[in-house]
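Presented below is the structure to which this report refers.
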Protein chains: 2
Amino acid sequence: MGRRQAGRALARPVDAGGDGQAALRWARRDGGQVKTAHREAGGATVWDVARKAGVSAMTVSRVINGNTSVSVKNREKVMRAIGELNYEVNVAARAARIGTLRVGLLYSNPSEAFLSAFLVGALTECGQSGAHLILEHCDNLKSQRKAIDRLIDDGADGILVPPPLCDSKSALKMLAELGIPSVAVATARPSPQMSAVRIDDYEGALTMMRHLLALGHTDIGFIKGDPEHTPTQLRYQAFIDAMRGAGLDVPAERVAQGMFTYRSGLLAARELLGQATRPTAIFASNDDMAAAVIAVAHGMHLQVPDDLTVCGFDDTPVATTVWPELTTIHQPITDMARSAVALLIEHVRAQRSGHAYDRRHQLMPYTLVVRESTSGAE
Amino acid sequence: MGRRQAGRALARPVDAGGDGQAALRWARRDGGQVKTAHREAGGATVWDVARKAGVSAMTVSRVINGNTSVSVKNREKVMRAIGELNYEVNVAARAARIGTLRVGLLYSNPSEAFLSAFLVGALTECGQSGAHLILEHCDNLKSQRKAIDRLIDDGADGILVPPPLCDSKSALKMLAELGIPSVAVATARPSPQMSAVRIDDYEGALTMMRHLLALGHTDIGFIKGDPEHTPTQLRYQAFIDAMRGAGLDVPAERVAQGMFTYRSGLLAARELLGQATRPTAIFASNDDMAAAVIAVAHGMHLQVPDDLTVCGFDDTPVATTVWPELTTIHQPITDMARSAVALLIEHVRAQRSGHAYDRRHQLMPYTLVVRESTSGAE
DNA sequence: CTGAAAGCGCTTACAG
DNA sequence: CTGAAAGCGCTTACAG
């Protein structure tokens, strides 16, 4: 859906469809005088819509903004006119009137891959709402406070909190005390105080387990993640529940503690594969650790997946960098960021117009991505 | 420098300094009536500045926009008033008048690390100019055309071209034919047809060579990059020139061809280290390949840097992920993106006001980052 | 070189 | 439920 608004590149060909309207508008406003500088700005305005619908610009504005006090009849007339004229609200003009909406992003140390996927999504959504995205980095507890202050000082109307900050008690507490609208992204246990967008880590891990069980594996090892991160426990619980559900035992030596890092995955893999009998599959709770499992397996001259099935979680770039590529659970980070921005804007708008706003906890769909690192137990 | 404009979070404390001005303004405009909704918007306007400077708002506008036809005396008065009132232009209002500036980013497959650093920089600069960043991805030749069309259809006024697209003849040709302002980022051989922001790859590689030579290395191996990428030749040439400059020979077996990927680095390293006599240092033309060199060295039970010095180029996240961490040349991607956006906006503004615009090729400073992977030749 | 006026496209009180 | 008017803060012709 292309935007048709003022201020486009001058080199653009004239939009013949909209041009008639634009000329009409100028004629009406300027008594026939045509301003060349704006001849190409073919977008319809609220006035055009109002004229076509036979109502006032105010009513059009009310419809656009979802204001309820418009008669059904008029609302329909306006909607029809909007469709016919291909009207799109000019976000710049709106911003000039009500102030630019600023979405703050408070980030600490997510992976570069997470950050870029997140930024792409957040940016897309901000662009459509005419909101600005402002960034602030912090790396330790002390700088959290400063970063939040800077964000607010720079005019942030709401704040996005991606991992690992979304699991930081201190950061969440500060935001709650300030009372600024915030949305946590990809936390497994969202605080009731703020909105959140996440996948169901438990169901995701369960889906992966069903895949492994369906392949015929009965002796499966598991590498846990950093206990400080909220998805850790849920992914582990799903592993345990799936095994029990299949009537399978989970001996203690089949579970190793990791920290979500490659290095910790190395140690955990050596532990799991150093046993007298080896599992036929290892489920690492994230991709970095799964990649480490493959490295250790290769070091022991085990073929993946022939001698050992390996799978991860998250579907980060490392999943397709290593060989063989990892079977994993895809988290739709870009979509999650978009949703988070949408939720945040909703909240800010509600707050501005004095309405109460109920925090929302939104679940996004994950996907099982089957690649080369898993195969049937022989 | 905090922004003080309308539309900030309502929960913010009132800016006492600016508030007096704001009240004054409202009083003047509304005959004493104070609009609560905007009481907190403490920013000074062109009118405030004009009043303080004893000129018209037009003159203030002229000064802000760098218009030359303002007397030196008035310009100074205005500048002083701007300083005293802490005036900052309201980008939303400007956008409402002249149209929102849209900066398009056409990207194909940069690394996630590059993309996130780039986005952070581009976003920062766009935010300060009130410009919007719009993204479009393409992965093959055919989709390039489509992606560019979509960008233009979405109202992009100019286009940012990061690697590897900045080295794609077809993409550059399309952009040139369309005549849309564009800026290439991190290409080593910028086209005279468009502006570019880059580091000096030749000088950067030379700096790394001086570091190796200063450490006492005389037998140095080199891994070349993908011949399709423009920095490849320059980095290699610097290696050759530095060796010759130091009076050292470069036997053919000391140079291996890589493709900038980890996997190609693996092969190249095996080649270089499989010789009867080994070099004491290996300079890989990027970090991914340098990381592979370390892996191969470890596989051969060589200690890095004790038995082999290794260094890379670019300072991407892998440089600090591997162990030992890599000595490398840091490319300031975030700053480069900021500069690129600034250049693009300059170009678009010039074009809009009908001025000619000379393409600019901007050089950014690189940095030699010495970490653990290099040490003196024994 | 300088300014008064009109306008960008939208929304906010206000009055009906 | 609806509209006329004023205004967001800035810039663009136009006239001097």
Side-chain angles (χ1 to χ4, degrees), chain A residues 4-7 22 25-26 28-31 33-38 41 43-50 53-65 67-75 77-78 87-100 130 349 352-354, chain B residues 4-7 21-22 25-26 28-31 33-38 41 43-50 53-75 77-78 87-100 130 349 352-354:
Chain A
R4 301 274 167 209
Q5 295 176 358
R25 191 167 80 249
W26 287 115
R28 174 163 49 72
R29 296 253 183 101
D30 303 332
Q33 179 191 4
V34 173
K35 303 203 171 177
T36 40
H38 285 276
T45 72
V46 278
W47 296 95
D48 301 325
V49 175
V55 299
S56 73
M58 264 236 60
T59 299
V60 175
S61 176
R62 286 197 181 97
V63 171
I64 294 165
N65 292 289
N67 194 314
T68 43
S69 42
V70 176
S71 68
V72 177
K73 202 170 144 194
N74 274 347
R75 177 182 307 277
K77 281 201 277 188
V78 170
Y87 170 79
E88 285 181 48
V89 61
N90 179 328
V91 289
R94 170 185 282 168
R97 193 69 187 79
I98 67 174
T100 306
R349 291 242 167 92
R352 278 191 182 175
S353 47
Chain B
R4 300 276 167 207
Q5 295 176 357
Q21 280 300 330
R25 192 167 81 248
W26 286 116
R28 173 163 50 69
R29 296 252 183 100
D30 303 332
Q33 180 191 6
V34 173
K35 302 204 171 176
T36 40
H38 285 275
T45 72
V46 276
W47 296 95
D48 301 324
V49 175
V55 299
S56 72
M58 265 235 59
T59 299
V60 175
S61 176
R62 286 196 182 97
V63 171
I64 294 165
N65 292 289
N67 193 314
T68 42
S69 43
V70 176
S71 69
V72 177
K73 203 170 142 193
N74 272 348
R75 178 184 306 277
K77 281 200 276 187
V78 169
Y87 170 78
E88 285 180 48
V89 61
N90 178 329
V91 289
R94 172 185 281 167
R97 194 69 188 78
I98 67 176
T100 305
R349 292 244 166 90
R352 278 191 183 175
S353 47

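Worth saying up front: this structure is predicted, and the values here are computed from it rather than measured.
For Asn74(B) and dC1(C), the shortest distance from a side-chain N or O to OP1 or OP2 is not below 4.0 Å. A sub-4.0 Å separation between OP1 or OP2 of dG3(C) and a side-chain N or O of Ser56(B) is present.
Of the nucleotides present, none pairs with dA13(D) by Watson-Crick or G-U wobble criteria with both distances under 3.5 Å. The pairing partner recorded for dA4(C) is none, the criterion being a Watson-Crick or G-U wobble arrangement whose two distances lie under 3.5 angstrom.
dT11(D) atom C1' lies 10 Å from atom CD1 of Ile64(B), rounded to whole Å. For Asn65(B) and dT12(D), the CG to P distance is 7 Å, given to the nearest whole Å. Residue Ile98(B) contributes atom CD1, which lies 12 Å from atom C1' of dG9(D) at whole-angstrom precision. Rounded to whole Å, the distance from CH2 on Trp47(B) to P on dA4(C) is 8 Å. Spacing between atom CZ of Arg97(B) and atom P of dG7(C) amounts to 10 Å, rounded to whole angstrom units. Summarising the geometry, the separation between CG on Asn90(B) and P on dG9(D) is reported as 7 Å, rounded to the nearest angstrom. What separates CE of Met58(A) from P of dG7(D) is a distance of 16 Å, to the nearest Å. Summarising the geometry, the separation between CZ on Arg94(A) and P on dG9(D) is reported as 18 Å, rounded to the nearest angstrom.
With a 4.5 Å cut-off on side-chain heavy atoms, Tyr87(A) and Val46(A) count as touching. Between Thr45(A) and Asn90(A) there is no side-chain heavy-atom pair separated by less than 4.5 Å.
Counting any heavy atom pair closer than 4.0 Å across all strands shown, Thr59(B) reaches sugar-phosphate atoms only and no base atom. Nucleic acid contact for Ser71(A): sugar-phosphate only, since backbone atoms but no base atoms lie under 4.0 Å from a heavy atom of the residue.
Taking each heavy atom of Ala96(A) and Ala93(B) in turn, the nearest pair found is CB-CA, 3.9 Å. Summarising the geometry of Ala57(A) relative to Ala50(A), their closest heavy-atom pair is N-CB, 3.6 Å, with the distance given to 0.1 Å.
Across dA4(D), dC10(C), dT11(D), the shortest atom-to-atom separation from the side chain of Tyr87(A) is found for dC10(C). Closest to the Val46(A) side chain, of the nucleotides dC10(C), dC8(D), dT12(C), is dC10(C). In this structure, of dT11(C), dC1(D), dT11(D), it is dC1(D) that holds the atom nearest to the side chain of Ser69(A).
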For Val55(B) and Arg62(B), run side-chain contact (heavy atoms from CB on, under 4.5 Å): C-alpha distance rounded to whole Å, both residues' side-chain angles, the deciding distance at 0.1 Å, then the answer.
CA-CA 11 Å; Val55(B) 299; Arg62(B) 286 196 182 97; over 6 Å; no
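Summary of the strand contacts: Ala96(B) and Arg75(B) both lie near DNA chain C, and taking for each the nucleotide with the nearest heavy atom, the more 5' one is attributed to Arg75(B). Mapping Ser61(B) and Val72(A) onto DNA chain D by nearest heavy atom places Val72(A) closer to the 5' end of the strand. If Val60(A) and Ala57(B) are placed on DNA chain C by their nearest nucleotide, the residue sitting closer to the 5' end is Ala57(B).
Residue Arg94(B) holds its CZ atom at 7.0 Å from CD1 of Ile64(B), rounded to the nearest 0.5 Å.
At a cut-off of 3.5 angstrom, counting only N and O atoms as typed in the model, there is a donor on one side and an acceptor on the other between the side-chain of Arg62(A) and the base of dG3(D).
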